[in-house]
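A note on names: the letters A, B, ... follow the listed sequences, proteins ahead of strands, and every chain is numbered from 1.
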Protein chains: 2
Amino acid sequence: MAARAGVGLKTVSRVVNGEPGVTPDTERRVQEAIEALGFRRNDSARVLRKGRTASIGLVLEDLADPFYGPLSRAVEEVARAHGALLINGSSAEDPEREQELALALCARRVDGLVVIPAGDDHRYLEPEIRAGVATVFVDRPAGRIDADVVLSDNYGGARGGVAHLIAHGHRRIGFIGDMPRIHTAAERLRGYRAAMEDAGIAVEERWMSLGATNPERVRRATEEMLSGADPVTAIFAGNNRVTVTVIRVLAEQSRPVALVGFDDIELADLLQPGVTVVAQDAAALGRTAAERLFRQLDGTLLAPERIELPTRLVTRGSGELPPAV
Amino acid sequence: MAARAGVGLKTVSRVVNGEPGVTPDTERRVQEAIEALGFRRNDSARVLRKGRTASIGLVLEDLADPFYGPLSRAVEEVARAHGALLINGSSAEDPEREQELALALCARRVDGLVVIPAGDDHRYLEPEIRAGVATVFVDRPAGRIDADVVLSDNYGGARGGVAHLIAHGHRRIGFIGDMPRIHTAAERLRGYRAAMEDAGIAVEERWMSLGATNPERVRRATEEMLSGADPVTAIFAGNNRVTVTVIRVLAEQSRPVALVGFDDIELADLLQPGVTVVAQDAAALGRTAAERLFRQLDGTLLAPERIELPTRLVTRGSGELPPAV
DNA sequence: TTGAAAGCGCTAACAT
DNA sequence: ATGTTAGCGCTTTCAA
């Protein structure tokens with residue numbers, strides 16, 4: 001490479017990186033050689049030498065979920081603004097896979113890591129963090145480790161949503177959520193209980209159903225709450241997956257059942273009735289986390305913080321239905 | 001590291017990589033040292049030496065688009081099955097950004113590249129391909145370069161969808177699509193024209209509108225087609241973004257207008273009427289492309305091929321409405 | 001079974 | 001303005 005241009009190795013390096021101190025004439029000669037020989041810089045070697053990879057990792061649950069797409073995109077935008085690439089992987093809600101992925105990313109020497117936890121113990125990241133890998137957790141808190149966390153106000157959002165149903169006259173309100181080991185699910189359930197308690201309503205066991213969010217289970221849970229002697233008159237759906245299935249089941253019912261869902265859904269406004277939701281801003285979640293990550297990297301070393309983003313109640317009709325007699 | 005365990009450098013390497021030829025006793029000593037000193041293998045150096053990175057790149061249009069989420073996830077699954085990580089970036093439909101991203105990925109020495117083209121000239125990838133980077137294009141064909149391509153049958157799908165409308169009595173049918181420079185948009189328009197021609201219908205200019213898919217423009221285009229002397233009685237929407245906006249506009253109309261959309265949409269079955277669509281399988285697109293990529297990598301060197309996946313007409317009501325008088 | 005030496009492609013530090 | 005040297009952390013090769 002250098003030989004072909006008849007210059008020293010370092011000069012080539014200078015040209016490639018646009019560093020100063022090269023005569024226009026030499027530069028041209030080097031450029032020619034680059035073209036002719038088809039030179040392609042090897043960033044692996046560069047990384048090895050410089051210590052920074054200009055890439056960050058994102059471990060999330062499922063890239064195909066409409067909630068994580070925008071989040072991921074927001075992280076990518078911030079990374080791009082900082083000249084970094086994004087490597088991402090899906091944990092599929094499996095703690096082991098989360099760890100495996102996160103450590104693989106660290107072995108690649110990503111500069112930082114944004115993690116949407118599947119597990120509840122992140123001590124395995126301690127050596128990495130000590131070694132300088134910036135780390136931020138999003139959507140759910142880190143487990144057994146002190147780190148930056150960016151969350152939505154799951155508790156407050158759910159509490160507000162359920163209070164909204166109560167304000168519209170409901171007392172028998174069902175809650176269908178994700179597996180209780182998932183932090184967001186637990187928090188939303190807590191919000192549900194709080195709103196009910198605020199209204200002096202004693203919650204019955206059969207009004208609550210936590211578990212996998214696959215359509216079959218959610219359908220069964222919904223149907224059970226709607227049958228029997230004193231069926232619920234309203235349902236609070238714990239996330240977007242649940243909401244979609246509950247909508248399907250409610251559409252088959254003869255009497256109207258009120259519904260408020262956590263997470264916004266596309267076309268929710270066009271259904272009959274429109275679906276009232278507690279919306280969280282997935283993009284803001286991602287953006288905030290990524291910005292925090294790069295601030296860690298900038299050396300503005302700040303103490304780990306817990307940032308909570310507000311949710312927003314969007315009324316569209318389904319949450320304002322009165323209890324059916 | 002090696003010093004601490006009192007062994008040679010290579011022995012540590014052997015232990016870390018689980019290579020044979022180490023006494024259990026020595027291995028234990030090395031493991032201890034690893035724990036104590038918090039060793040973390042640096043894959044950058046490994047890559048530099050081995051030549052392969054066990055990672056592939058994915059350049060797509062927008063990770064936040066519900067069409068690309070599942071596609072990306074499918075690519076990731078295949079990569080994972082082959083022990084590779086996925087690095088992905090969004091081109092935002094900007095050819096320059098596509099190129100910048102693709103080349104950045106190549107500089108990182110990804111083993112392969114899956115590209116959803118934004119531009120129509122991919123000669124810039126020739127040196128990379130020659131250097132051994134496996135490359136597959138998805139969703140849209142490569143430009144001015146001979147490479148593997150995995151596509152949906154955009155032409156046939158659109159033709160079938162429009163024929164469906166014609167079969168239900170429509171003759172004045174509008175087509176609203178993406179910018180004509182985008183291959184899928186052009187192909188779908190071609191399918192529209194073919195179906196119309198098959199039926200002996202002379203297409204009028206004002207029935208066709210191609211351009212950006214932002215809500216404002218699509219809304220305007222829809223409203224124009226629906227006004228005037230001989231308004232269209234049916235609309236074929238060129239992709240999921242367009243469909244969503246058209247649904248909104250149609251919901252405001254007093255008379256019913258038939259609609260068939262390209263791409264499936266969540267909750268399309270629950271709207272009134274249900275939305276008839278030409279569905280493509282985004283996950284299959286991604287899976288097929290990624291599998292092809294790894295077959296290139298496996299050395300089963302095959303000649304570049306063009307694979308076309310079928311689409312599926314899903315009737316739900318909106319496409320079966322008769323023309324309103 | 002183990003180790004020493006060379007080198008992957010690059011850049012930082014120091015000549016010239 | 002340009003070149004030389006050393007070394008990033010690992011694996012490959014060959015020798016002990």
(Q) Closer than 3.5 angstrom, by distance alone: can the side chain of B:D43 be matched with the main-chain N or O of B:R46 as a donor-acceptor pair? (A) no
Q. Does B:N239 reach the main-chain N or O of B:R241 with its side chain, forming a donor-acceptor pair under 3.5 Å?
A. yes
Q. Is there a residue in residues 12-39 of chain A whose heavy atoms reach under 4.0 Å of DNA chain C, and which residues are they?
A. A:S13, A:N17, A:F39
Q: Check every nucleotide of DNA chain C for an atom under 4.0 Å from a heavy-atom of chain A, then give the first and the last such nucleotide from 5' to 3'.
A: C:dG9 to C:dA12
(Q) Going 5' to 3' along DNA chain D, between which two nucleotides do contacts with chain B fall, using a heavy-atom cut-off of 4.0 Å? (A) D:dG9 to D:dT12
Q) At what distance, to the nearest 0.5 angstrom, does OG1 of A:T288 lie from CG of A:L309? A) 5.0 Å
**Q.** Distance-only polar pair, side chains of B:E98 and B:S91, donor-acceptor under 3.5 Å
**A.** no
Q) Is there a donor in the side chain of A:T53 and an acceptor in the side chain of A:D111, or the other way round, less than 3.5 Å apart? A) yes
(Q) Let me spell it out: for each of B:A45 and B:K10, pick the nucleotide of DNA chain C with the closest heavy atom. Which residue's pick is nearer the 5' end? (A) B:K10
**Q.** Interatomic spacing from NE2 in A:H183 to CG in A:D139 - rounded to 0.5 Å
**A.** 9.5 Å
Q | Main-chain N/O of A:P117 paired with A:R140 side-chain donor or acceptor, under 3.5 Å | A | yes
Q) With a 4.0 Å cut-off, would you call A:R287 and A:E291 a salt bridge? A) no
Q: Quick one: closest heavy-atom pair of A:L86 and A:S72, and the distance?
A: CD2-O, 3.9 Å
Q: Remember a base hit wins even if backbone is also touched, and classify A:V47 as base, sugar-phosphate or nothing at under 4.0 Å, heavy atoms.
A: nothing
Q: Answer with base, sugar-phosphate or nothing: what part of the nucleic acid does B:K50 contact at a heavy-atom distance below 4.0 Å?
A: sugar-phosphate
Q: Consider only side-chain N and O atoms of B:N42 and A:R108, and report whether a donor and an acceptor are under 3.5 Å apart.
A: no
